[in-house]
Amino acid sequence: QVQLVESGGGLAQTGGSLNLSCAASGRTFSNYAMGWFRQVLGKREFVAAITRNSNRKWYSGSVKDRFTISRDNAKNTVYLQMNSLKLEDTAVYYCAAGRQTSDYYSYYHQGDPYEYWGQGTQVTVSS
């Protein structure tokens, strides 16, 4: 089992920044690829993903060049730095952990590769 706890959400203005954290406990964090997803009105959307050793990162088109995913395996934590926030970034943000199998490189943007999910943190962007 891997337990994931997100933090860092809150209220921000358009153009502002927030830095989300996801702390992992349980099994070895460095064994897992990590992803960030967001959900609005029941619809889940891929945001970003990072491999175990950080050598590959992916972003959705809507956040590319504004958000940065990173991880610190020594601290068992994955981060999502969100800059230039827009109203449409308002959502509940979830981190997820998944095995980095060969399939992961094709399906990182889908929910299926991820075995463990956090409880989510609300991000609200206002004008």
Side-chain angles (χ1 to χ4, degrees):
Q1 286 283 348
V2 175
Q3 292 78 41
L4 302 172
V5 179
E6 301 95 338
S7 61
L11 181 64
Q13 291 189 324
T14 53
S17 299
L18 285 173
N19 189 24
L20 304 185
S21 299
C22 172
S25 61
R27 294 188 175 180
T28 306
F29 176 70
S30 60
N31 286 345
Y32 293 88
M34 299 296 296
W36 283 97
F37 291 78
R38 63 189 182 188
Q39 186 163 323
V40 178
L41 297 177
K43 180 180 178 182
R44 185 173 63 196
E45 177 188 25
F46 167 75
V47 176
I50 187 169
T51 51
R52 290 165 47 186
N53 60 2
S54 303
N55 65 339
R56 291 290 301 273
K57 301 177 184 179
W58 299 273
Y59 299 92
S60 71
S62 61
V63 308
K64 187 174 170 58
D65 298 327
R66 299 190 297 121
F67 291 10
T68 301
I69 189 171
S70 62
R71 66 189 294 163
D72 186 337
N73 287 343
K75 295 183 178 179
N76 293 344
T77 302
V78 62
Y79 305 95
L80 185 68
Q81 176 66 43
M82 305 188 296
N83 298 329
S84 302
L85 285 164
K86 302 178 180 181
L87 295 175
E88 52 264 40
D89 294 322
T90 295
V92 178
Y93 284 72
Y94 298 88
C95 67
R99 294 286 184 179
Q100 192 172 310
T101 65
S102 56
D103 285 347
Y104 181 80
Y105 290 85
S106 298
Y107 301 110
Y108 61 85
H109 60 292
Q110 299 181 11
D112 289 344
Y114 299 95
E115 300 174 63
Y116 305 104
W117 295 79
Q119 83 290 349
T121 185
Q122 176 71 47
V123 170
T124 302
V125 183
S126 65
S127 59

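Inter-residue side-chain proximity for Phe67 and Gln81 is flagged as unmet; no heavy-atom pair is nearer than 4.5 Å. Between Asp112 and Tyr107 the shortest side-chain heavy-atom distance does not fall below 4.5 Å. Using a 4.5 Å heavy-atom threshold, the side chains of Cys22 and Met34 count as touching.
For Arg66, the salt bridge (Lys or Arg N to Asp or Glu O under 4.0 Å) partners are Asp89, not counting sequence neighbours. Partners of Arg56 according to the salt bridge (Lys or Arg N to Asp or Glu O under 4.0 Å) rule, which considers only residues two or more places apart in sequence or in another chain, do not exist here. In this structure, the side chain to side chain donor-acceptor pair (under 3.5 Å) partners of Ser25, at least two apart in sequence or on a different chain, are Gln3.
Within a 6.0 Å sphere centred on NZ of Lys57, heavy atoms belonging to other residues, nucleotides or ligands number more than 12. In the displayed structure, Gln110 atom CD is contacted under 6.0 Å by more than 12 heavy atoms of other residues, nucleotides or ligands.
For the atom pair Arg99 CZ and Asn31 CG, the distance stands at 6.0 Å (nearest 0.5 Å). One distance of note links CD of Gln100 with CG of Asn53; it measures 6.5 Å at 0.5 Å rounding. Distance check, rounded to the nearest 0.5 Å: OH of Tyr59 to CG of Leu80 gives 8.0 Å. Rounded to the nearest 0.5 Å, atoms CZ (Arg44) and CZ (Arg38) are 14.0 Å apart. In this structure, the separation between OG1 on Thr14 and CG on Leu85 is 9.0 Å, given to the nearest 0.5 Å.
In this structure, Trp58 shares a hydrophobic cluster with Phe37, Phe46, Val92, Tyr94, Tyr104, Tyr105, Tyr108, Tyr114, Trp117, the cluster being traced through Ile, Leu, Val, Met, Phe, Trp and Tyr side chains under 4.5 angstrom apart. Applying the under-4.5 Å side-chain rule to Ile, Leu, Val, Met, Phe, Trp and Tyr, the cluster around Val40 extends to Leu41.
Between the side chain of Glu6 and the main chain of Gln119, a donor-acceptor pair closer than 3.5 Å is present.
Considering all non-hydrogen atoms of both residues, Ser30 and Arg71 come closest at CA-NH2, 4.0 Å. In terms of heavy atoms, Ala24 sits closest to Leu4 at CB-CD2, 3.6 Å. Nearest approach of Ser17 to Ser84, heavy atoms of both residues: OG-N, 4.4 Å.
No single ILVMFWY cluster, assembled from side-chain heavy atoms under 4.5 Å apart, contains both Leu18 and Tyr79.
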Extract all donor-acceptor atom pairs below 3.5 Å that involve side chains of residues 120-127 and protein atoms in other chains or at least two apart in sequence.
unit_1	atom_1	unit_2	atom_2	d
Thr121	OG1	Gly9	N	3.3
Gln122	NE2	Ala91	O	3.4
Gln122	NE2	Thr124	OG1	3.3

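None of Ile50, Asn73, Leu20 except one satisfies the side chain to side chain contact (heavy atoms under 4.5 Å, CB included) rule with Val78; the exception is Ile50.
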